[in-house]
Amino acid sequence: MLGGLQKLTLIDYPSKVAATVFTVGCNFRCPFCHNPELVLSSKKFERGFLSEEDFFQFLEKRKGKLDGVCVTGGEPTVQKDILSFLKKIKDLGFFVKLDSNGINPEVLKETFDKKLVDFVAMDIKSSLENYHKACGVNFDLDKIKASVELIRSSDVAYEFRTTVVPGIHVKKDFESMGVWLDGIDYFALQEYRDEGKILNEKFLEKQEKIKLDLQEIKECLQNHFKNIVIR
Ligand code: SF4
């Protein structure tokens with residue numbers, strides 16, 4: 001199910017002119033999530049905001065004008081038809097960037113094996129010790145570890161990224177992530193911004209006013225990763 005379309009982005013797909021399509025549904029409940037309408041099922045999404053037919057008609061018209069398509073969510077890998085959906089995009093000649101929370105390493109592997117993805121961006125929600133708090137659900141963390149290993153050992157271009165959230169993270173989470181993810185090519189630290197809508201309103205009430213210094217975190221991680229940026 002598709003929840004929306006951004007017809008043009010110059011920032012979502014590195015070095016590409018792209019469109020971004022949003023899928024509905026996610027199996028995480030990150031309290032700080034800025035896309036609650038894409039996470040929680042609701043009647044207004046029963047038929048989606050965007051039909052696949054309209055989406056592919058749009059892409060047909062953008063052939064030669066866009067380089068690629070970013071597929072984001074929610075969590076795209078929970079869509080039952082994600083493989084056929086990505087294949088249809090690829091068959092139209094577009095590069096595909098897939099955003100994922102890493103919960104489905106088996107699906108990610110299939111997308112890689114079938115050459116359906118050219119770039120993958122995986123959220124690292126926190127250190128392994130703090131993962132369940134950051135994503136709001138309990139599950140087998142081996143899935144996250146498997147996705148990380150799959151991505152870093154693949155020939156698909158990738159980035160790992162973490163939104164740094166005061167009240168969720170403390171500095172030692174990043175020290176631990178540096179050890180866990182040691183040697184990866186590209187890591188982005190994303191500043192948490194209050195965008196006015198959030199999955200768990202109570203989180204805002206409880207949110208501790210801890211100041212996390214992204215530059216300091218970057219310095220703590222830069223010996224572990226080949227490239228690290230703040231954005
Ligand atoms: S921030 Fe968390 S809850 Fe929101 S879409 Fe991403 S993984 Fe799902």
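Here the structure is a predicted model, which means the values were calculated and not measured. The chain is numbered in sequence order, starting from 1. Read the numbers this way: they start at 1 and go in the same order the structure lists the ligands and their atoms.
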Checklist outcome for this item: If you count every protein N, O or S atom closer than 2.8 Å to atom 8 (Fe) of ligand 1, you should arrive at 1
Checklist entry - Has His34 got any heavy atom lying under 4.0 angstrom from an atom of ligand 1? => result no
Item to check | Single-linkage hydrophobic cluster, 4.5 Å side-chain cutoff, Phe85 and Leu83 together | outcome: yes
For residues 136-149, tabulate all N or O donor-acceptor pairs below 3.5 Å that involve a side-chain atom, not counting sequence neighbours.
| from | atom 1 | to | atom 2 | distance (Å) |
| --- | --- | --- | --- | --- |
| Asn138 | OD1 | His132 | ND1 | 3.3 |
| Asp140 | OD1 | Asp142 | N | 2.9 |
| Ser147 | OG | Gly102 | O | 2.7 |
| Ser147 | OG | Lys143 | O | 3.3 |

Checklist entry - Quick one: salt bridge (charged side-chain N to carboxylate O under 4.0 Å, His left out) partners of Glu191, sequence neighbours excluded? => result Arg193
Item to check | Between Asp173 and Asn130: side-chain donor-acceptor atoms closer than 3.5 Å | outcome: yes
Next on the checklist: With rounding to the nearest 0.5 angstrom, report the CD1 to OG1 distance, Ile168 to Thr162.
Outcome noted: 12.5 Å
Checklist entry - Of Thr23, Thr20, Thr72, Thr77, which is the lone residue that meets side chain to side chain donor-acceptor pair (under 3.5 Å) with Asp99? => result Thr72
Checklist entry - Starting from atom 6 (Fe) of ligand 1, which protein heavy atom do you reach first, and at what distance in Å? => result Lys125 NZ, 3.8 Å
Checklist entry - Which residue pairs satisfy the salt bridge (charged side-chain N to carboxylate O under 4.0 Å, His left out) criterion with at least one member in residues 221-231, sequence neighbours excluded? => result Glu159-Arg231, Asp185-Lys226
